[in-house]
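What you see is a predicted model, and the numbers here were worked out from it, not measured in a lab. Both counts, for ligands and for their atoms, begin at 1 and track the order of listing.
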Amino acid sequence: MRTLLVAALFLACTWTARSAGAQQPLVGYTPASAAHEREVESDAIRRPDPSKAATFSRELSREVHVSGTPAQARTRDYVIAQMKSWGLETSVRSYDIWMPHPTEVRVWRVSPDTLRLNLVEPPVPNDPTSALPQYLTVNGYSGQGDVTGEVVYVNYGLIEDYAQLDSLGVSVRGKIAVARYGRSFRGIKAREAERHGALALIIYSDPQDDGFVRGDVYPAGPMRNAAGVQRGSVLNADGDPSTPGYPSTAGATRVAESAMEIPHIPVVPMSYGNAAELLRGVRGAAIPQAWQGGLAFRYHVGPGPVKARVVVHDDRATHPLKPIYDTFGVIRGSEYPDEMIIIGGHRDAWGPGTADNVSGTVSVLETARAIAEQVKQGMRPKRTIVFATWDAEEWGLIGSVEYVEDDSLRLTKNAIAYFNQDVSAQGPRFNGGGSPSLRPTLRDVARAVPDPNGKGSVYAEWRRASNTPASLEPVMGDPGGGSDFAPFYNHLGIPIAEWGFGGAGGVYHSQYDDYNWMTKFGDPGFLYHAAAARVAAGMVLRLANADVLPYDYAEFARTMRRYLPAIDSGFARRRWSGNATAPLSAALDRMEEAATAFGSARDAALATGAAKDALAETNRALMRVERALTRNEGLRTRPWFRNLIYVADENNGYANMALPSINEAIRRGDEALASREIADLAERFDNATHAITDARRTISAVSSTGQQRDR
Ligand SMILES: [Zn+2]
């Protein structure tokens with residue numbers, strides 16, 4: 001995982017609010033099929049088992065399973081064996097990835113005195129897994145080198161932090177930059193340090209971020225201790241950097257290392273215990289107050305007088321390519337076997353990975369087991385469900401990206417939705433998000449799943465814990481980037497959703513993200529692991545069995561409309577021509593109107609019965625709606641990103657940008673381009689509206705001619 005869901009900027013509006021707990025009609029189902037579906041879903045929701053989840057969790061976190069290692073091949077075999085034993089059709093897709101593994105990482109303080117830093121995370125008492133052999137503390141895709149220089153503290157290493165350093169007259173050129181984690185994706189920190197001429201970058205976990213400032217540290221509490229290290233990739237592109245835009249299959253053409261979009265300087269993650277040994281003696285200009293972190297001394301930016309030496313070497317010269325393995329378990333649909341609902345989570349980790357992402361893998365497994373048991377009892381879903389686990393997510397979403405690039409034609413034609421499970425259980429607080437078209441379905445399924453605290457549904461507890469006013473819906477996350485939904489969503493425009501249970505923790509990408517931490521702090525009874533799988537079982541069945549796919553394009557259009565004021569104020573700030581978003585606003589009015597009309601026609605048709613052929617045609621039209629909001633040439637900044645609705649901000653990596661084709665043009669200061677992008681997107685919204693109108697026409701014809709009833 002790179003990041004958890006990023007909170008949406010606004011609350012969903014009142015017209016979708018419903019009283020918690022009330023039984024609602026099932027959107028997209030005839031009355032008869034709705035009653036049956038409620039039974040099938042509640043049966044499936046009952047099946048996930050906390051004790052089975054605990055067993056899977058313990059087995060899958062028994063070893064450190066970094067992508068490209070033999071231990072990670074063993075998790076492939078474990079997952080496949082489980083799925084086979086439940087009767088799923090299984091397969092493995094393997095790709096060869098340019099993924100150097102570190103062979104050496106060392107850091108010294110060399111001035112004013114010499115101190116070799118111990119970068120290892122030591123075992124803690126009463127936690128056997130903390131003593132497992134561990135992976136070196138290097139950031140994935142770090143450059144190699146042996147460099148020495150004065151230390152400069154760069155705060156979070158954001159673009160604006162370097163601007164601040166400029167104003168202080170301090171440069172990192174020829175120096176060792178030390179940045180704290182937080183506020184941006186670490187790959188952006190590496191890119192900016194390299195752009196500004198640093199010899200190397202050290203990224204450390206400040207206690208203010210997830211250490212003792214936030215709570216007791218492991219093993220006394222869940223937060224990061226003085227030796228805890230956040231590993232993680234510093235690759236900014238998604239997928240294998242040697243095969244940009246196409247799959248890393250056997251014999252694939254590869255770009256030369258010199259042409260890859262990868263960091264070129266050593267980048268080393270560090271604990272705050274070690275970072276203090278470097279930062280304590282740094283002097284120089286007074287820092288802005290906001291740059292002070294949680295260590296017990298006054299921070300300074302330097303440069304020096306402390307000097308450091310950083311050494312990183314890897315195996316790129318001898319064997320840079322590593323095999324990775326995505327696993328698939330398939331339950332064929334009875335009526336629409338070509339149409340697929342895919343649920344997946346990444347199977348690789350930086351340590352034992354009990355939260356990130358054994359918990360997501362366990363949710364996928366328990367969901368697969370629940371549905372497979374139903375199939376044995378004669379309850380087969382109408383559409384095909386694919387249960388996937390991805391390799392090498394931690395290195396840059398590589399397993400899912402290579403798969404999507406490999407299977408893009410089939411996915412574009414047949415994928416109904418992709419559901420992502422990344423850190424699905426490490427605490428009690430529910431979070432959900434995804435494409436606005438699927439949010440009402442996720443809320444509805446969350447109403448049907450009991451919260452493990454016994455006080456009500458997951459939905460009711462979600463509202464309560466987030467203090468959501470009665471007239472509103474809980475805030476949901478937008479799909480930006482940072483996990484395996486990205487290729488499905490950003491590259492192909494497939495609707496996605498994700499959810500999970502979060503909580504306080506400071507073991508992200510550390511050796512201490514282990515079974516002992518999970519059983520003491522994260523999810524002691526594995527009840528939330530099971531609850532994530534219960535939501536998943538409801539979600540896959542709801543989409544798999546629908547007579548009409550329950551995408552909500554009225555909520556979608558309303559959500560989009562809320563992004564227009566920011567565009568208008570962007571224009572106003574630059575004193576560009578007024579009323580810029582009028583074409584978009586009009587297109588969204590047409591989209592919402594068409595979606596509302598479709599909803600009425602759908603409900604009328606389903607109430608009186610509808611022919612199966614016409615329903616299938618309606619569904620084909622609905623599947624075109626979000627595909628119409630992509631474009632083949634992608635974003636001007638990043639052609640691989642074809643979806644024009646949400647993307648990770650190219651200058652942050654964690655923050656989301658909505659309507660990026662327009663907002664990136666505004667950021668560039670190009671009024672003509674911004675206006676062209678508005679016209680382009682308005683036209684695409686109209687194309688989406690045409691697909692909705694086609695769906696309405698198809699289903700209206702059904703109800704008005706009173707064709708034979710399907711059920
Ligand atoms: Zn993860």
- Query: Got a sec: is Glu394 within less than 2.8 Å of the Zn ion (ligand 1) via an N/O/S atom?
  - Reply: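 No, Glu394 does not qualify, because none of its backbone or side-chain N, O or S atoms lies under 2.8 Å.
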| request: Check whether any N, O or S atom of Asp422, backbone or side chain, sits closer than 2.8 Å to the Zn ion (ligand 1). | output: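 Asp422 does place an N, O or S atom closer than 2.8 Å to the Zn ion (ligand 1).
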* Any donor-acceptor N or O pair under 3.5 Å, side chains Ser510, Glu121 ->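 A donor-acceptor contact under 3.5 Å links the two side chains.
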Q) Do you see a donor-acceptor pair shorter than 3.5 Å between the side chains of Thr389 and Thr361? A)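 No - no donor-acceptor pair under 3.5 Å links their side chains.
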Review point. Do the charged groups of Asp96 and Lys322 touch, with an N to O distance under 4.0 Å?
Key: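 No, no charged N to carboxylate O under 4.0 Å.
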(message) Tell me whether Arg76 forms a cation-pi arrangement with Tyr325, defined as NZ or CZ under 6.0 Å from the six-membered ring centre and within 45 degrees of its axis.
(response)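 Yes, a cation-pi geometry holds between Arg76 and Tyr325.
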For N/O/S atoms only: which one belongs to Asp356 and is nearest the Zn ion (ligand 1)?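 This residue's closest N, O or S atom turns out to be OD1.
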